[in-house]
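Everything below concerns the one structure shown next.
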Amino acid sequence: DDTFLKISIIKIMHRPPNKFSPPGGFRRADHQIPYLLCDSREKKSLQCLRICKEYSSEVLLQLDPFLNELTSMFEKSKEKGSVWVTLKRSSLKSKLQKRKLSSAGESIEYRCLIRATDAKKTISTSVGAKDHQRFQASYATILKAHMTALKKRERKDRKKSTEAEKKQGTSTTTKPKKL
Amino acid sequence: MVYIVSWDEFVDRSVQLFRADPESTRYVVKYRHCDGKLVLKVTDNKECLKFKTDQAQEAKKMEKLNNIFFTLMARGPDVDLSEVTGKEPMETQPTKKGRGRKQ
């Protein structure tokens, strides 16, 4: 099981330990949320994780299911909400695995990690050197199809309308303006 | 957070930032359909470059930046970007010879 951070749970508490305050401050419902006190092996320190819906797990998908889920995220976020897409270079290996590979003299294969979230759920996929062009094309199509709320340039319309004004002496626009 | 006004400056600095630290640099795109706003961010967790827009034509430019980052991240920071940006064509087109009338 590849995990970036190995955590072993020490105990489950019903209230946060004294010195812990969650990022973003306490909220009313905090006392109802169970806390996990755990030992994070990579950092060798005690950390407290709060189980709440914000800490939803990230789902790693294959390329095509990812694209389908991304499309549905855009569709769901039309009335309100945002969609974030993050691109990052990653080998998808933990520090330990990287150390082992480099000491064995093997080259680490990097991929492009793509994450998408709508603040409710997070999906991700990774793309290698061979498949990035195919993915790039499908991804561009999805973005083009959904980023339709952006304003279209009206300079050309204004130019044409001013030219028409000079010729005709009336202020009529040649192209219909987009609402 | 200060937003970069010039698109070209944003692209140049982002690529520079990535090449300097490919391990920790990430490229984030945030789109809000209800507000019609698009925000791009490139950060290496030390420095942050941001660009925001509400124009459709900038979305087209963003597509090219997406391609640049996909290539850089999947293949490596040392990849030659001329194929992606199309700024430096591989072969120059042969000049057309003037039409000479046959006499």
Side-chain angles (χ1 to χ4, degrees), chain A residues 70 73-91 93 95 98 107-119 125-156 178-179, chain B residues 7 11 14-15 17-45 48-81 83-85:
Chain A
L70 179 66
M73 257 190 205
F74 271 110
E75 283 167 9
K76 283 184 202 168
S77 310
K78 278 208 161 157
E79 295 297 303
K80 65 172 184 177
S82 318
V83 178
W84 286 263
V85 182
T86 308
L87 264 60
K88 189 181 194 292
R89 186 165 187 252
S90 173
S91 61
K93 291 187 169 41
K95 274 188 189 171
K98 277 193 222 171
S107 66
I108 303 168
E109 188 218 324
Y110 283 97
R111 293 174 69 85
C112 178
L113 176 66
I114 301 130
R115 280 200 196 103
T117 181
D118 61 354
T125 190
S126 80
V127 129
K130 304 164 211 166
D131 29 359
H132 87 275
Q133 277 174 327
R134 177 179 83 86
F135 180 82
Q136 193 166 292
S138 320
Y139 175 69
T141 312
I142 295 176
L143 258 61
K144 224 185 285 189
H146 289 93
M147 291 189 173
T148 49
L150 299 170
K151 294 182 202 160
K152 302 265 161 91
R153 257 272 169 102
E154 285 194 20
R155 241 198 218 174
K156 280 188 179 174
K178 211 198 175 189
L179 290 163
Chain B
W7 173 257
V11 173
S14 311
V15 174
L17 198 67
F18 176 77
R19 285 193 160 136
D21 192 354
E23 285 293 300
S24 52
T25 308
R26 65 180 186 276
Y27 165 57
V28 188
V29 176
K30 170 177 152 181
Y31 176 69
R32 277 184 70 83
H33 189 93
C34 50
D35 297 336
K37 289 238 155 82
L38 181 67
V39 180
L40 310 180
K41 170 165 84 169
V42 179
T43 176
D44 63 351
N45 298 321
C48 183
L49 306 166
K50 277 184 134 183
F51 185 89
K52 69 174 170 185
T53 184
D54 54 357
Q55 301 290 326
Q57 58 154 25
E58 314 260 63
K60 289 186 195 170
K61 293 183 192 171
M62 178 202 69
E63 270 173 50
K64 290 187 188 160
L65 187 61
N66 286 344
N67 291 350
I68 291 174
F69 273 114
F70 273 123
T71 312
L72 280 173
M73 291 175 176
R75 291 200 206 154
D78 306 320
V79 148
D80 177 25
L81 283 179
E83 333 163 344
V84 185
T85 56

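Below, chains carry the letters A, B, ... as their sequence lines are ordered, and counting in each starts from 1. None of these values were measured; they are calculated from a predicted model.
- Between atom CG of residue B:Asn66 and atom CZ of residue A:Phe135 there is a gap of 10.0 Å, rounded to the nearest 0.5 Å.
- Expressed to the nearest 0.5 Å, how far CZ of B:Arg75 lies from SG of A:Cys112 amounts to 12.0 Å.
- How far NZ of B:Lys60 is from CG of A:Leu143: 14.0 Å, rounded to the nearest 0.5 Å.
- Contacts with chain B were tallied for A:Glu79, A:Lys80, A:Met147, A:Glu109; A:Met147 has the most, counting heavy-atom pairs under 4.5 Å.
- Between the side chain of A:Lys88 and the main chain of B:Glu23, a donor-acceptor pair closer than 3.5 Å is present.
- Proximity to chain A (any heavy atom under 4.5 Å) is restricted, for B:Lys37, to the backbone atoms N, CA, C and O.
- Looking at B:Gln55, the atoms closer than 4.5 Å to chain A (heavy atoms on both sides) sit in the backbone and in the side chain alike.
- To the nearest 0.5 Å, atom NE2 of residue A:His132 and atom OG1 of residue B:Thr71 are 3.5 Å apart.
- Considering all non-hydrogen atoms of both residues, A:Ala140 and B:Glu63 come closest at CB-OE1, 4.2 Å.
- Residue-environment remark: NZ (A:Lys151) stays at or below the threshold of 12 foreign heavy atoms within 6.0 Å.
- The most heavy-atom pairs under 4.5 Å with chain B, out of A:Arg111, A:Lys144, A:Lys130, come from A:Lys144.
- Atoms NE2 and CG, from B:His33 and A:Leu150 in turn, are 9.0 Å apart once rounded to the nearest 0.5 Å.
- Of the listed residues A:Gly128, A:Ala116, A:Ala129, A:Gly81, the one with more heavy-atom pairs under 4.5 angstrom with chain B than any other is A:Gly81.
- Residue contact with chain A, scored on non-hydrogen atoms closer than 4.5 Å, is absent for B:Glu58.
- The aromatic rings of A:Phe74 and B:Tyr31 lie tilted to each other, with the angle between the two planes from 30° to 60°.
- Only the side chain of A:Ile114 has a heavy atom closer than 4.5 Å to any heavy atom of chain B.
- Between atom CD of residue B:Gln57 and atom NZ of residue A:Lys152 there is a gap of 11.5 Å, rounded to the nearest 0.5 Å.
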